[in-house]
Amino acid sequence: MASLSLRNIYKKYPGGVVAASDINLEIRDKEFIVLVGPSGCGKSTTLRMVAGLEEITEGELYIGDRLVNDIAPKDRDIAMVFQNYALYPHMTVYENMAFGLKLRRMPKNEISRRVEEAAKILDLTHLLDRKPKAMSGGQRQRVALGRAIVRDPKVFLLDEPLSNLDAKLRAQMRTEISKLHKRLGTTFIYVTHDQTEAMTMGDRIVVMRDGFIQQVDTPSALYERPANKFVAGFLGSPQMNFVEALLVQEEDGHFELEFGSKESTGKRYRIAIPEAKAKDVLKEYVGKGVIMGIRPESIHDEEMYISNATTGIIDCNVELTEMMGAETFLYLNCEGIPLTARVSPRTTTKMNDVIKVAIDPNRIHIFDKETEKTVIN
């Protein structure tokens with residue numbers, strides 16, 4: 001098995017286009033790491049540089065202790081699973097899985113052993129004589145995984161492997177790939193634009209934007225302690241609410257966030273920042289505009305919560321409600337500020353209601369308005 005080290009890696013194309021900038025990443029042996037970000041952020045380019053399908057313009061790539069910048073893809077001991085499966089339509093499942101091993105002139109009995117073992121792991125034994133056109137998308141994806149498994153590589157690279165599947169099958173395959181990783185005990189690098197896949201599958205997540213790494217951490221740490229507004233907004237569904245606010249300091253030294261519209265009703269709301277969250281850095285922002293972030297699950301419409309709240313109670317118009325089964329989403333308008341709340345499915349709130357909600361002050365985030373970097377989490 002192998003660790004990977006990406007050191008100051010750049011990918012520059014003719015014409016001055018930079019697809020990846022100063023990528024520094026240490027991937028541990030047997031780790032499941034996910035590269036996530038919007039289209040064009042550089043995640044697939046980074047994966048293809050690891051595979052050797054894209055040339056590294058600057059920087060060094062190590063697999064284990066070996067510098068592999070100039071090593072051919074076939075000699076890097078990696079296996080890649082593509083978005084479109086890339087199966088040979090005229091070959092059976094067995095022949096597709098065995099093809100790479102035949103090219104290596106491996107003995108027939110060893111090929112047979114590896115293919116049958118992989119087929120058993122992926123529940124493909126009964127499909128070995130079928131051709132891809134006679135199979136479902138999920139079965140084809142398992143064949144593509146099987147073709148990678150038989151090579152027994154040090155590193156698995158998976159480039160958006162589930163994007164062509166329907167929602168139910170995607171959820172099922174997420175579980176299967178996670179189980180496969182634990183069973184094989186191999187390093188997995190997985191690229192996706194789907195933050196749900198990233199949050200549920202990765203040991204650590206690499207969030208990318210415009211060719212730069214924004215933050216690398218565990219799913220829970222990224223969700224609770226984002227490094228900037230982009231990471232905070234990208235992870236989480238529905239996404240974090242962002243509200244422009246003014247940071248003020250009371251005579252007793254306590255900090256508060258003030259927001260709302262003076263023009264419509266003249267009403268301004270204040271949320272006291274708990275002492276446990278208040279840090280000295282806030283003094284730099286007193287009297288200045290900041291961005292307050294609050295996740296939908298931290299906005300409450302329950303009467304019990306509102307009656308016990310001492311700060312952060314605001315009036316809202318309900319513009320839309322969405323019943324999601326296990327939860328309900330409320331789309332609110334507060335003094336012209338759109339907010340989304342995730343509440344209990346037992347809520348009695350309806351569209352066009354005027355309600356009070358309470359923002360949990362212990363769960364607020366504050367971001368610098370100019371740099372968008374996190375001030376406090």
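In this text, all values refer to a predicted model and were calculated from it rather than measured experimentally.
No more than 12 heavy atoms of other residues, nucleotides or ligands lie within 6.0 Å of CD in Glu275, so this atom counts as exposed by the packing criterion. Crowding of Arg270 atom CZ: a count of heavy atoms from other residues, nucleotides or ligands under 6.0 Å exceeding 12. When the shell of 6.0 Å around NZ of Lys74 is examined, it contains 12 or fewer heavy atoms from other residues, nucleotides or ligands. Residue Asn308 places its CG atom among more than 12 non-hydrogen atoms of other residues, nucleotides or ligands, all under 6.0 Å distant. At most 12 non-hydrogen atoms from other residues, nucleotides or ligands lie less than 6.0 angstrom from CD of Glu244. Within a 6.0 Å sphere centred on CG of Asp65, heavy atoms belonging to other residues, nucleotides or ligands number 12 at most.
Listed by chain and number, the residues in a side-chain hydrogen bond (donor to acceptor under 3.5 Å, both in side chains) with Ser136 are Gln139 (sequence neighbours excluded).
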Inset, instruction - Would you please test Lys131 and Glu95 for salt bridge (charged side-chain N to carboxylate O under 4.0 Å, His left out) and show each step? - result: CA-CA 9 Å; Lys131 291 186 178 175; Glu95 290 165 341; over 6 Å; no

Legend entry - Derivation and outcome, side chain to side chain contact (heavy atoms under 4.5 Å, CB included), residues Leu158 and Phe188: CA-CA 8 Å; Leu158 300 99; Phe188 274 45; 3.6 Å; yes

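Arg204 and Glu31 are joined by a salt bridge, as a carboxylate oxygen and a charged side-chain nitrogen come within less than 4.0 angstrom of each other. Ion pair Arg7/Glu58 not flagged as a salt bridge, since none of the NZ, NE, NH1 or NH2 atoms sits closer than 4.0 Å to an Asp/Glu carboxylate oxygen. By the 4.0 Å N-to-carboxylate-O rule, Arg346 lies too far from Glu302 to be salt-bridged with it. Under 4.0 Å is where a charged nitrogen must lie from a carboxylate oxygen, and between Arg114 and Glu117 no such pair does. Using a cutoff of 4.0 Å between basic side-chain nitrogens and carboxylate oxygens, Asp368 and Lys373 are not scored as salt-bridged.
In this structure, Arg268 forms no cation-pi arrangement with Phe259, as its terminal cationic atom is not both closer than 6.0 Å to the ring centre and no more than 45° off the ring axis. Cation-pi contact between Arg151 and Phe156: absent, since separation from the ring centre below 6.0 Å together with deviation from the ring axis within 45° is not met. Judged by the 6.0 Å distance and 45° axis criteria, Lys229 is positioned over the aromatic ring of Phe242. Cation-pi contact between Lys102 and Phe99: absent, since separation from the ring centre below 6.0 Å together with deviation from the ring axis within 45° is not met. In this structure, Lys11 satisfies the cation-pi test against Tyr13, with its NZ or CZ atom closer than 6.0 Å to the six-membered ring centre and inside 45 degrees of the ring normal.
Under a 3.5 Å cut-off, the side chain of Thr192 and the backbone N or O of Val36 do not form any donor-acceptor pair.
By the rule that hydrophobic residues join a cluster once side-chain heavy atoms approach within less than 4.5 Å of another member, Ile376 and Ile291 end up as members of separate clusters.
Residues Phe82 and Leu87 form no side-chain contact, since every pair of their non-hydrogen atoms from C-beta on lies 4.5 Å or further apart.
Using cut-offs of 30° and 60° on the angle between ring planes, the pair His365 and Phe367 is parallel.
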